[in-house]
Amino acid sequence: MKNVKSKAIKIAFSIGVLLFLGVFFSISVSAQKTEAMPPQFMDVTVVTVKPDMAMEFENLIKNEYKPGFTKGGGTVSDVWQMAFGNAFEYVFVQPIGKFADMDGPSPLEKGLGKQGAGAFFAKAGKMVTGVKSYVIRARPDLSFTPDTKWQPKMAVVSHVRVAQGRENEFENFIKNEWMPVVKKSGVPGYLVSQVVFGGDANEYITLVLQENFTELDKGAPPIRVLGQEGARKLQQKLPAGTVTSLERYVVRYNPELSVMPSPTAAK
């Protein structure tokens with residue numbers, strides 16, 4: 001999975017978006033507790049599955065991928081599914097310790113062997129219609145996170161494209177105007193990352209963590225704090241033309257398909 005030389009196989013299935021949340025969450029918490037940390041990167045792979053093969057796909061992940069991944073030394077693989085968006089999209093997120101690790105065999109290949117991993121990808125390749133793989137960098141300086149014992153269950157994910165050369169304006173708005181209001185809204189956390197490879201380098205991905213669908217009835221965080229008119233005035237503080245496009249989705253965490261670190265490893 002993490003072998004750059006196996007990218008052709010990875011494109012056939014590419015099990016590591018959007019989003020990236022449990023991994024992002026743990027990275028952000030660690031970064032906030034450490035004053036000087038190197039950039040934290042994540043491998044995000046969005047897999048679109050054939051509608052009539054969704055159950056087979058999930059069983060393949062549970063019964064073959066997870067055991068092989070963990071046997072090969074893999075410790076974290078978070079899986080999220082679209083709730084509002086393409087219902088048959090799965091987002092796989094895995095941390096990248098260092099890019100040099102990708103020069104060797106992936107945890108899956110270590111666990112299943114080269115032939116076993118090849119057989120797995122051959123099965124998976126028949127179940128998918130599209131794959132997008134990219135690398136993102138966590139931005140804990142633009143984020144705030146909940147208690148480390150809380151596992152995010154849902155998130156509202158926004159893909160924000162910023163105009164060339166306007167990154168500082170966007171980031172200053174998030175730090176000084178947006179995030180202070182979001183903190184008062186009662187949402188469990190607000191996470192920001194930035195695309196590094198595989199997509200628009202001026203794209204930011206923001207996540208508003210949610211406990212359940214009921215939270216969506218309360219509206220966006222600024223509306224909860226400032227009301228409709230106040231939220232509108234807050235948005236007007238972002239200089240015109242800074243954001244060129246915005247897409248928004250809702251995703252759910254799938255613990256059955258995910259590989260989570262053991263409690264001992266998480267300490």
Side-chain angles (χ1 to χ4, degrees), residues 1-4 6-27 40-50 53-83 85-97 99 101-102 105-112 117 120-121 123-138 151-155 157 159 191 193 195-199 205 207 249-261:
M1 181 63 58
K2 297 296 179 186
N3 192 339
V4 171
S6 303
K7 276 292 182 181
I9 296 177
K10 184 176 180 181
I11 291 301
F13 170 53
S14 222
I15 295 303
V17 108
L18 312 164
L19 47 265
F20 39 69
L21 313 187
V23 176
F24 189 113
F25 166 64
S26 60
I27 285 175
Q40 302 295 315
F41 298 100
M42 290 159 281
D43 181 0
V44 180
T45 301
V46 183
V47 181
T48 305
V49 178
K50 296 177 182 178
M53 303 197 78
M55 291 304 299
E56 291 181 63
F57 176 80
E58 292 190 11
N59 286 333
L60 185 68
I61 301 304
K62 293 177 191 175
N63 300 326
E64 296 190 30
Y65 181 77
K66 286 180 63 176
F69 178 79
T70 53
K71 182 179 179 181
T75 57
V76 179
S77 178
D78 284 323
V79 182
W80 294 76
Q81 284 180 262
M82 290 289 183
N86 186 336
F88 298 100
E89 276 189 354
Y90 297 76
V91 183
F92 294 78
V93 185
Q94 296 176 355
I96 299 174
F99 288 105
D101 293 337
M102 292 182 167
S106 68
L108 185 67
E109 186 174 330
K110 290 179 182 178
L112 298 181
F120 167 81
F121 284 119
K123 294 177 187 176
K126 297 176 182 178
M127 301 178 184
V128 307
T129 60
V131 171
K132 177 178 174 60
S133 180
Y134 53 98
V135 173
I136 61 175
R137 177 168 65 96
Q151 170 62 52
K153 300 177 180 66
M154 293 177 55
V157 182
H159 288 251
L191 309 178
S193 66
V195 174
V196 178
F197 299 122
I205 302 172
L207 296 92
Y249 308 91
V250 175
V251 295
R252 294 179 296 166
Y253 184 69
N254 190 324
E256 292 187 350
L257 304 185
S258 300
V259 175
M260 293 173 281

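These numbers come from the heavy atoms of this one structure, side chains and all, not from hydrogens, waters or symmetry mates. These figures come from a predicted structure and were not determined experimentally.
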**Study point:** Test log, rule side chain to side chain contact (heavy atoms under 4.5 Å, CB included), inputs L60 and F120
**Key:** CA-CA 8 Å; L60 185 68; F120 167 81; 3.6 Å; yes

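Summarising the geometry, atom CG belonging to L108 is positioned 10.0 Å from atom OG1 belonging to T70; distances are rounded to the nearest 0.5 Å. Here the CZ-OH distance, from F57 to Y90, works out to 6.5 Å after rounding to the nearest 0.5 Å. In this structure, the separation between CG on L207 and OH on Y249 is 13.0 Å, given to the nearest 0.5 Å. A distance of 8.5 Å separates CD in E89 from OG1 in T129, rounded to the nearest 0.5 Å. From N59, atom CG reaches atom NZ of K123 across 11.5 Å, with rounding to the nearest 0.5 Å. Separation of atoms CZ (R252) and CE (M154) is listed at 7.5 Å; rounding is to 0.5 Å.
The ring of F197 has its center no closer than 6.0 angstrom to the ring center of F41.
When atom types are taken as modelled, the side chain of T45 and the backbone of S133 share no donor-acceptor pair closer than 3.5 angstrom. Listed for the K132 side chain is no donor-acceptor partner under 3.5 Å among the backbone atoms of T48. Distance alone, capped at 3.5 Å, is enough to place a donor-acceptor pair between the K66 side chain and the S258 backbone.
The nearest pair of heavy atoms linking K50 to K126 is NZ-O, 2.9 Å. Nearest approach of I61 to P67, heavy atoms of both residues: O-CD, 4.3 Å. Shortest non-hydrogen contact noted between E109 and A117 is CA-CB, 4.0 Å. Minimum heavy-atom separation, A155 to W80: N-CZ3, 4.4 Å. What you find for G74 and P107 is that their closest heavy atoms are N-CB, 3.8 Å.
The side-chain heavy atoms of D101 and I96, taken from C-beta on, include no pair separated by under 4.5 Å.
Under the side chain to side chain contact (heavy atoms under 4.5 Å, CB included) rule, Y134 has a single partner from V46, V196, D43, which is V46.
Annotation for K62: atom NZ counts as buried by contact number, over 12 foreign heavy atoms lying within 6.0 Å.
Residues passing the salt bridge (Lys or Arg N to Asp or Glu O under 4.0 Å) test with E58: none are found, sequence neighbours excluded.
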